[in-house]
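Note sheet for the following structure.
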Amino acid sequence: MLAATVCGALVVLRGPDRAFVTALAAVIGTAAAWVLVSVFWPARADRTCPSCGGGSLRRRDRRSTRGVACDSCGHEDAHESSFLLVEDEGDAIEPIVLGERTPGRGSAR
């Protein structure tokens, strides 16, 4: 956002010269780098328990993307998202999300 503002200020104050081209290239390069990093190094599920610090966090319910439980200390949180855990385990997300939807909400049938 800051780089885009600087690009706009350079166009207004100095016109389209080398500084503008450099700033614009930096904005486009940053966006391209962000996309490449997101594609090649996606987010991983954090299985660290907030209570005991162990790495044994799991989903509470295999049919939901909400709720986690720790096998080590018994910690449970019904409201914490387990969306990344579903992806990490390789389960299909679409049937789970469709099953969690409230009937009639947002459907145009």
Side-chain angles (χ1 to χ4, degrees):
M1 184 65 132
L2 179 62
T5 304
V6 170
C7 284
L10 287 173
V11 166
V12 170
L13 297 175
R14 298 186 53 163
D17 60 353
R18 275 190 227 185
F20 172 73
V21 172
T22 304
L24 184 62
V27 169
I28 292 171
T30 302
W34 184 271
V35 169
L36 290 174
V37 165
S38 298
V39 167
F40 292 116
W41 293 282
R44 291 189 184 153
D46 183 15
R47 294 187 179 268
T48 305
C49 177
S51 294
C52 68
S56 58
L57 211 58
R58 63 170 174 78
R59 289 189 292 163
R60 276 184 50 187
D61 184 7
R62 305 276 307 166
R63 296 167 292 157
S64 178
T65 59
R66 281 177 261 140
V68 293
C70 179
D71 290 332
S72 297
C73 68
H75 169 78
E76 288 193 21
D77 186 354
H79 301 291
E80 186 174 341
S81 174
S82 59
F83 188 81
L84 285 177
L85 295 175
V86 176
E87 284 188 336
D88 194 37
E89 294 168 0
D91 291 346
I93 295 174
E94 186 176 3
I96 295 171
V97 172
L98 291 175
E100 289 180 339
R101 283 190 179 171
T102 306
R105 181 180 168 201
S107 63
R109 294 181 198 185

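Hydrophobic clustering, with ILVMFWY side chains joined whenever heavy atoms are under 4.5 angstrom apart, keeps Ile96 apart from Leu98. Under a hydrophobic clustering in which Ile, Leu, Val, Met, Phe, Trp and Tyr are joined whenever their side-chain heavy atoms come within less than 4.5 Å, directly or via other members, Val37 and Trp34 fall into different clusters.
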query = Are Leu84 and Asp46 close enough, and set up right, to give a side-chain contact (heavy atoms from CB on, under 4.5 Å), and what steps lead you there?
reply = CA-CA 8 Å; Leu84 285 177; Asp46 183 15; over 6 Å; no

Going through the checks in order, is the side-chain contact (heavy atoms from CB on, under 4.5 Å) test met by Arg66 and Arg59? CA-CA 8 Å; Arg66 281 177 261 140; Arg59 289 189 292 163; over 6 Å; no

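Within 6.0 Å of the CZ atom in Arg47, the count of heavy atoms belonging to other residues, nucleotides or ligands exceeds 12.
Residue Glu80 comes nearest to Val68 through the heavy atom pair OE1-CG2, 3.4 Å, listed as atom of the first residue, atom of the second, then distance. Nearest heavy atom pair, residue Ile93 against residue Phe83, reads CG2-CE1, 3.5 Å.
Side-chain contact between Thr48 and Leu57 is absent, with no heavy-atom pair separated by less than 4.5 Å. Side-chain contact between Cys49 and Cys73: present, with at least one pair of heavy atoms (C-beta onward) separated by less than 4.5 Å. For the pair Arg58/Leu85, no side-chain contact is recorded, criterion being any heavy-atom separation below 4.5 Å from C-beta on.
At distances below 3.5 Å, at least one donor-acceptor pair connects side-chain atoms of Ser82 with backbone N or O atoms of Thr65.
Among pairs with a residue in residues 19-42, none fulfils salt bridge (Lys or Arg N to Asp or Glu O under 4.0 Å), at least two apart in sequence or across chains.
Atom OG of Ser51 sits about 4.5 Å away from atom NE2 of His75, to the nearest 0.5 Å.
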